[in-house]
Amino acid sequence: MRVWRVLISAVVLLLAGVVPAQADALADSPTVSATPIGMEPPSYNGLCWAGVPFTATIAITADGPGTVSFRWAWGTWDWSQVVFTEAGTKTVSTSPIKMYRGTGPQSLTIRVSGANTTTAVVPYEIGCTDPVLGAPQIQPANDYIGRCGSDVVHTVSAQISSPIAQTVRYRWLDAWEQPLPGVDAGEREVVFTEPGTKTVSTPLQRVPLPGNSGNGVELQIDSPNNDQSALYFRTVCVKAEFTSMTRTAGNCKTGAAFKFKLDGYIESNKIGEMAYAWAHQESLDADWVRDPWTPMSFISTNSPGRQNVTRTWTAPGDGLGAWRLEILGSDGTVVSQPLTYYVPCGL
């Protein structure tokens with residue numbers, strides 16, 4: 001019968017996350033209770049970015065001799081131990097724990113383990129004055145497919161929140177702390193006269209950038225703390241080129257329909273999913289009418305590179321018109337130079 005009790009106890013301890021060596025120790029441990037005494041420091045107000053160490057002190061009461069373990073109740077902290085030679089109460093302190101955020105009353109829990117497990121909740125107060133960064137965003141799109149050049153300028157913005165009146169100095173960099181195209185990497189500042197949130201921004205040129213996987217833009221605070229918030233984005237530069245329009249048939253005398261073959265290509269400097277279409281202008285003052293969009297993929301084996309596209313067309317009658325090639329971009333369409341045609345006779 002004793003064997004079964006030992007086996008059942010071992011299973012219970014294993015289910016509780018206790019390894020066999022701990023099980024042997026707990027078998028000789030007293031029943032415990034825990035009472036919070038205080039936190040050192042009991043309160044803190046100031047910058048927290050480097051971590052503010054807090055140490056908790058509690059009183060552990062045991063009903064007999066044995067070893068008692070204690071640690072912070074969350075995370076993977078190592079256990080500390082205190083040995084009781086008889087029933088009584090002992091005061092113990094935890095290893096310091098660093099806090100990086102927080103405002104107002106807080107508490108941390110200490111786990112105490114003997115023959116039973118109990119906890120002690122230790123209160124403290126913290127008032128972190130660090131400015132807090134929001135995630136950067138690029139308007140009109142984080143991931144961009146379209147025409148590139150120094151004249152294609154988007155806006156990167158992010159929010160900075162401050163719990164107090166202070167001056168925050170910051171700069172814009174890429175994720176590897178290098179300058180970004182069109183971005184002044186020099187230090188800037190935003191002044192808070194009271195607690196609040198402000199938006200900061202910078203222009204970003206959409207030009208070809210190295211790397212197929214993407215690039216990063218980072219908002220970095222230099223003072224009063226040190227913090228970063230980054231956004232990874234992609235710039236896929238594409239080009240539509242209408243290379244030729246060839247008449248393949250047509251004769252006014254015989255009445256044969258005028259037919260044309262349109263040739264062009266789509267070029268991309270990176271991997272990307274996009275769509276293209278041919279667009280027709282029936283007369284030079286008419287609106288452009290676009291064919292349905294056709295999906296196109298650039299993958300690792302054909303980018304950077306180009307893909308040829310073609311279309312055939314039969315003119316419905318005489319007249320002067322034009323065709324062009326378009327790519328559906330993130331911020332409007334990318335269009336080629338148009339090529340005109342002339343059908344000299346009614347058919």
Side-chain angles (χ1 to χ4, degrees), residues 133-158 171-183 185 201-220 228-246 261-279 288 290-313 323-339:
L133 295 176
Q137 297 291 324
I138 303 176
Q139 295 297 331
N142 292 338
D143 295 331
Y144 172 75
I145 296 178
R147 184 180 70 84
C148 292
S150 58
D151 62 327
V152 182
V153 180
H154 291 173
T155 301
V156 188
S157 63
R171 68 182 71 234
W172 292 98
L173 300 168
D174 78 1
W176 293 269
E177 299 185 353
Q178 299 296 318
L180 283 165
V183 176
S201 63
T202 187
L204 172 70
Q205 293 175 352
R206 291 294 193 168
V207 298
L209 294 171
N212 229 334
S213 58
N215 302 90
V217 57
E218 179 179 277
L219 177 58
Q220 174 180 294
Q228 302 86 29
S229 182
L231 166 72
Y232 289 91
F233 67 95
R234 299 189 76 233
T235 298
V236 181
C237 302
V238 296
K239 177 182 179 182
E241 191 72 24
F242 188 1
T243 56
S244 66
M245 179 163 54
T246 306
K261 181 175 180 288
L262 317 180
D263 290 292
Y265 63 82
I266 305 298
E267 190 172 79
S268 176
N269 73 328
K270 290 186 179 181
I271 293 171
E273 299 288 333
M274 58 200 72
Y276 75 93
W278 294 95
W288 287 94
R290 184 187 305 118
D291 288 348
W293 291 109
T294 300
M296 175 176 283
S297 298
F298 282 86
I299 57 178
S300 58
T301 57
N302 66 353
S303 64
R306 62 179 59 171
Q307 296 187 48
N308 295 324
V309 293
T310 188
R311 189 195 195 285
T312 57
W313 174 70
W323 282 88
R324 72 185 184 189
L325 185 58
E326 300 184 357
I327 305 173
L328 179 60
S330 305
D331 184 28
T333 57
V334 179
V335 300
S336 70
Q337 287 293 325
L339 291 180

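All residue numbers in this chain count up from 1 along the given sequence. We use all heavy atoms of the structure for the numbers below, so side chains are in, but hydrogens, waters and symmetry mates are not.
Scanning both residues, Y276 and W293, for their nearest heavy atoms gives C-CE3, 3.4 Å. Residue L231 comes nearest to P136 through the heavy atom pair CD2-O, 3.5 Å, listed as atom of the first residue, atom of the second, then distance. Of all heavy-atom pairs spanning F242 and Q337, the tightest one is CB-O, 3.7 Å. Summarising the geometry of A277 relative to R290, their closest heavy-atom pair is CB-CG, 3.5 Å, with the distance given to 0.1 Å. Heavy atoms only, all atoms of each residue included: A141 and S330 are closest at CB-CB, 4.2 Å.
In this structure, a donor-acceptor pair under 3.5 Å is absent between the side chains of Q137 and S157.
Under the 3.5 Å distance criterion, the side-chain polar atoms of R234 are matched with a main-chain donor or acceptor of I271. A donor-acceptor pair under 3.5 Å is formed between the side chain of T310 and the backbone N or O of L262. Side chain of R171 to backbone of Q220: no donor-acceptor contact under 3.5 angstrom is found.
The side chain to side chain contact (heavy atoms under 4.5 Å, CB included) test applied to Q307 returns M296, F298, N302, not counting sequence neighbours. With sequence neighbours excluded, the residues satisfying salt bridge (charged side-chain N to carboxylate O under 4.0 Å, His left out) with D263 are K261.
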Side chain to side chain contact (heavy atoms under 4.5 Å, CB included) between I266 and L325: does it pass, once the steps are laid out?
-> CA-CA 9 Å; I266 305 298; L325 185 58; 3.7 Å; yes
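The closest side-chain heavy-atom distance from H154 to V152 is below 4.5 Å. Inter-residue side-chain proximity for V207 and T235 is flagged as unmet; no heavy-atom pair is nearer than 4.5 Å. Taking 4.5 Å as the limit, every side-chain heavy atom of L204 sits out of range of all side-chain heavy atoms of V217. Residues Q228 and L173 have side chains not in contact (no heavy-atom distance under 4.5 Å, counting atoms from C-beta outward). Side-chain contact between C237 and K270: absent, with no pair of heavy atoms (C-beta onward) separated by less than 4.5 Å. Side chains of V236 and N269 form a contact here, defined as non-hydrogen atoms less than 4.5 Å apart. Using a 4.5 Å cut-off on side-chain heavy atoms (C-beta onward), S336 and R324 make contact. Looking at heavy atoms from C-beta onward, W172 lies in side-chain contact with L219 at the 4.5 angstrom threshold.
The distance from atom CD1 of I327 to atom OG1 of T333, rounded to the nearest 0.5 Å, is 9.5 Å. Residue L180 holds its CG atom at 8.0 Å from CG of N215, rounded to the nearest 0.5 Å. Atom CG of D143 and atom CD1 of I138 lie 8.0 Å apart (nearest 0.5 Å). Separating the CG atom in N308 from the CD atom in E267 is a distance of 11.0 Å, to the nearest 0.5 Å. Atom-to-atom distance recorded for L133:CG and E218:CD is 9.5 Å, nearest 0.5 angstrom.
Between R206 and D331 there is no salt bridge, since none of the side-chain N atoms of the basic residue sits less than 4.0 Å from a carboxylate O of the acidic one.
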